Amino acid sequence: MTHPLGKDLLGLEPLSGEQIRLILDTAEPFKEISERAIKKVPTLRGATIVNLFFEASTRTRVSFEFAEKRLSADTVNVAASGSSVSKGETLVDTARNLEAMRIDMVVIRHAASGAARFLADRIESNVINAGDGTHEHPTQGLLDMLTLRDHFKRLEGLKVCIVGDVLHSRVARSNIWGLTKMGAQVAVCGPRSLLPSAIDDFGVTVFDRVETALEWADALNVLRLQLERMTAGYIPSLREYNRVFGVSRERLEAAKREVLILHPGPMNRGVEIDSDVADGPFSVILDQVTNGVAVRMAVLYLLSGGRPELAEAAKKGGER
Amino acid sequence: MSNALLLRGGRIIDPTQSLDATGDVLVVDGEIAAIGPRAGNEADGRDGLETLDCSGLVVSPGFVDVHCHLREPGREEVETIATGARAAAAGGFTAVCAMPNTDPVTDNQAAVGFIIRQAQRANAARVYPIGAISVGQKGESLAEFGEMVSAGAVAVSDDGRPVVSAHLMRTALEYARTFGIPVADHCEEPTLAKGGAMNEGIVSARLGLKGVPSEAEEIMAIRDILLARRTGGHVHLCHMSTRGSAELIRWGKERGINVTAEVCPHHLSLTEEAVGDYDTNAKMNPPLRTADDVAAIQEAVRDGTIDLIATDHAPHHYDEKEREFSDAPNGIVGLETALAVNLTWLVAQQRIDLPTLVEKMSCAPARIFKLPGGTLRRGGVADITVFDPDVEWTVDPAAFKSKGRNTPYAGKTLRGRVRWTLVGGRVVHGAAPAPARAGKARG
Amino acid sequence: MAAPPKQTTVLDARAFDRTVRRMADEIVELNEGTDDLVIVGIQRRGVQLAAQIVSTIREREKADVARGALDITLYRDDLQTVGPRPVVGQTEIPVDIDGKCVVIVDDVLYTGRTIRAALDELADFGRPRRIALAVLIDRGGRELPIQPDIVGKKISAPASQRVDVLVEEIDGKNGVVIAQREDTV
């Protein structure tokens with residue numbers, strides 16, 4: 001096996017539990033680098049990484065950028081507006097242009113499910129999926145798991161409930177695959193109109209009310225509810241959503257259990273989560289952000305470079 | 001060129017005559033002159049007799065595809081009537097019906113005439129135009145059925161789109177009765193299907209793609225069946241794909257309602273799993289469904305609930321399909337793989353026998369759409385297909401006669417292939433006939 | 001399956017302890033005391049050696065000396081060719097090293113590339129007054145101009161042999177052994 005993760009990170013569904021564990025374990029030492037005065041290691045010096053974001057996203061892009069720069073890579077940001085992409089250059093041509101410029105790695109976020117795979121199949125560079133449509137957002141799933149593992153010291157047998165619009169959420173899918181492979185018990189909770197009709201085939205428990213979820217879960221991962229869901233008729237109003245499904249202090253207290261609160265951000269305070277929960281003692285939302293940079297550094301590190309035919313030569317003379 | 005052709009020693013399968021036996025077929029002046037083990041006798045002594053050696057092959061009435069998209073006028077870079085007619089001939093089709101969702105839409109007699117003329121020029125398989133139900137296929141007002149029929153249209157359809165208005169569908173069914181033509185509907189409830197890229201189920205949930213639930217098809221199917229009951233018109237349901245649809249059609253037929261239904265080879269052979277890792281060559285409308293749906297549809301073909309098999313041949317340009325899955329257009333080509341797919345998945349798996357396949361691909365389409373052909377009766381037009389039911393071959397889209405290359409069967413090894421296609425007694429696909437030795441038919 | 005390669009013991013457990021005690025003394029001597037001394041062990045076994053040195057210094061000098069651990073994987077110069085990504089160990093430098101005397105401790109000094117990486121990494125933590133190098137075994141074969149200040153034992157081993165330092169905490173006992181490399185047997 002030349003690379004433990006292969007050429008690309010497109011999702012958590014194709015990975016094994018071992019591979020996920022490797023990424024989480026590798027992320028630990030990278031956390032320490034962000035605590036140093038000089039937050040930089042030379043590991044990817046000279047590597048060129050393009051952040052190809054077809055969907056606007058400040059936090060994910062900035063997180064990746066920090067990860068790349070802290071590894072001493074050269075980064076270029078390409079946003080969907082302000083480049084030939086906005087003039088309608090196809091994804092195929094974009095891919096070919098990048099390849100012609102000898103880019104080492106591409107981090108792509110796109111509105112179409114399968115776009116990361118589409119790109120990865122057409123270029124030699126490593127491709128990292130930063131979110132494709134409603135399919136997967138693997139680095140988010142990984143940083144969520146790292147945060148849970150840091151707190152609970154394990155993932156096996158941990159009870160995690162994902163609350164919200166699972167139907168349209170790539171974060172939910174990545175979490176479901178990742179947690180399941182690491183032996184956690186996964187549940188989802190939300191209005192049925194926002195759960196996939198095939199959810200029962202996913203091997204997760206379904207809670208219709210968040211109160212019941214709070215009686216069961218060790219941790220809740222609260223998803224952002226988008227305004228578009230209301231205008232498209234999936235739920236009647238954000239107000240009702242908050243009344244019925246909002247994670248509030250009252251609900252947490254009524255559960256009489258310590259439930260850890262995660263949120264991928266950005267938050268709609270007062271819709272899916274109330275401020276006193278987001279800022280409260282059980283929230284690890286800021287830890288998620290810190291872990292995000294470490295996880296992304298670990299992924300870049302594990303995917304990058306390596307010419308295996310020289311590995312043999314290195315092995316022979318490689319002893320220190 | 002000779003006016004007498006003897007197809008010798010094949011297994012002749014003609015369900016219209018309950019015929020399944022080895023024998024010869026004699027074609028004279030484009031018509032079937034004799035058929036049977038002694039047909040060769042009548043050929044003796046004819047000048048310039050040519051022969052086709054059909055030993056080991058099946059000789060059947062020519063296949064008729066009542067549902068294909070030839071893209072001309074408007075998208076000639078993707079297919080023309082000429083390339084489509086040649087692709088049809090290569091697939092064993094002696095006649096096809098061209099759907100009207102062209103650009104401009106085929107909704108008037110001039111447009112129908114244009115297709116008739118282009119087909120004559122192509123001189124391969126026959127092409128019968130299907131006219132639009134509504135002007136511009138906009139779903140608002142009826143197109144001129146009468147004018148289109150007198151120009152040569154054989155049916156009406158807004159295929160490509162559903163007929164959304166139940167009122168329009170009702171009046172179309174009533175009005176079509178005057179001309180004795182079927183109204184073919186593409187069953188898709190638009191608000192349920194909107195934005196959907198594949199079947200709604202576990203695969204679409206995993207891939208993060210919006211799905212089209214089976215109910216989108218079934219709701220319109222039962223609507224059309226009920227309107228056919230009300231109006232006494234003939235509704236033909238296009239490309240049926242779900243278990244529910246099969247059950248509804250069965251319900252309608254049990255009540256004597258004038259509903260006919262077609263299924264496409266891909267819905268008889270592939271499931272939603274074929275989408276794999278976002279393969280746009282497995283994207284079409286209606287989408288590939290579950291294994292249970294495939295089993296139900298195969299059973300419906302066997303028990304006669306589904307009357308015929310049509311291809312819904314829908315070529316697209318390589319660049320159009322080379323896109324993110326949700327952006328890629330729906331449709332796959334099918335003329336040149338239909339026979340092999342049906343043989344590989346239906347006949348070889350013993351769901352139906354060869355005579356039933358011939359019935360579904362030739363006799364029933366011709367009969368239901370009132371087209372010539374579909375039979376090998378004496379005096380009938382010599383539209384004949386000769387095929388090898390057993391030979392294995394690998395699908396290579398680059399070798400297609402169609403301009404379209406978008407097929408999910410690329411690289412697959414299938415069973416069964418057309419050897420000759422004859423239209424009006426003339427070989428339009430396959431090697432030229434051999435001249436018989438002067439004065440003798442046999443020996 | 002081939003028999004395990006024959007091993008020659010270079011230092012047994014008692015000789016090992018004696019050597020480590022001497023190295024600890026030499027470190028204190030080099031620094032002229034224990035003030036501002038920081039002992040940094042290189043992952044993996046250098047860390048255990050550093051721990052043993054620090055505890056020896058505590059015994060003999062009755063002084064607590066700061067101790068750190070350094071993983072140099074991310075600073076290696078051969079990352080592009082080494083193939084599967086080596087697992088990254090823990091780096092922890094618990095004190096400010098500006099102006100201090102940092103002694104890098106490693107088990108075996110060979111090509112010198114590890115120490116080069118360690119120097120680069122330490123530079124990202126601060127600017128010590130002085131950096132010295134203490135190794136248990138110097139086996140020669142340098143590829144860079146790097147020399148140790150304190151050596152436990154100097155030996156000569158060809159490239160076809162492995163020199164392995166064993167430490168109690170990982171291997172169950174202390175010692176140094178030489179064996180033929182498996183792929184050259």
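Every value quoted in this text rests on a predicted model; they were computed, and no experiment measured them. Throughout, a chain's letter reflects where its sequence line sits, starting with A, and its residues are numbered from 1.
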| query | Of all residues at least two apart in sequence or in a different chain, which pass the ring pair (Phe, Tyr, Trp, His ring centres under 6.0 Å) check with A:Phe64? | reply | none

| message | If I measure from the heavy atoms of chain A, does C:Ala117 come under 4.5 Å with its side chain, its backbone, both, or neither? | response | neither

| Ring-face cation of A:Arg109 near A:Phe53 (centre distance under 6.0 Å, axis angle within 45°) | no

| task | Could you have a look at A:Glu35, A:Glu32, A:Lys39 and say which one has the most heavy-atom pairs with chain C under 4.5 angstrom? | result | A:Glu32

| message | At a 4.5 Å cut-off on heavy atoms, which part of A:Lys40 comes close to chain C: side chain, backbone, both, or neither? | response | backbone

| query | Any side-chain hydrogen bond (donor to acceptor under 3.5 Å, both in side chains) pairs touching residues 175-184 of chain A, not counting sequence neighbours? | reply | A:Asp144-A:Asn175

| With a 4.5 Å heavy-atom cut-off, do C:Arg139 and C:Val108 have their side chains touching? | yes

Show me, pair by pair, the donor-acceptor contacts under 3.5 angstrom made by side chains of residues 66-74 of chain A, not counting sequence neighbours?
from: A:Glu68; atom 1: OE1; to: A:Asn51; atom 2: ND2; distance (Å): 3.0
from: A:Lys69; atom 1: NZ; to: A:Glu65; atom 2: OE2; distance (Å): 2.9
from: A:Lys69; atom 1: NZ; to: A:Thr75; atom 2: OG1; distance (Å): 3.1
from: A:Arg70; atom 1: NH1; to: A:Ser34; atom 2: OG; distance (Å): 2.9
from: A:Ser72; atom 1: OG; to: A:Val41; atom 2: O; distance (Å): 2.7

| query | Does A:Glu124 CD have over 12 foreign heavy atoms under 6.0 Å away? | reply | no

| field | A:Gln19 side-chain N/O to A:Ser16 backbone N/O, donor-acceptor pair under 3.5 Å | value | yes

| remark: By residue number, those in residues 91-102 of chain C with heavy atoms under 4.5 Å from heavy atoms of chain A are C:Thr91

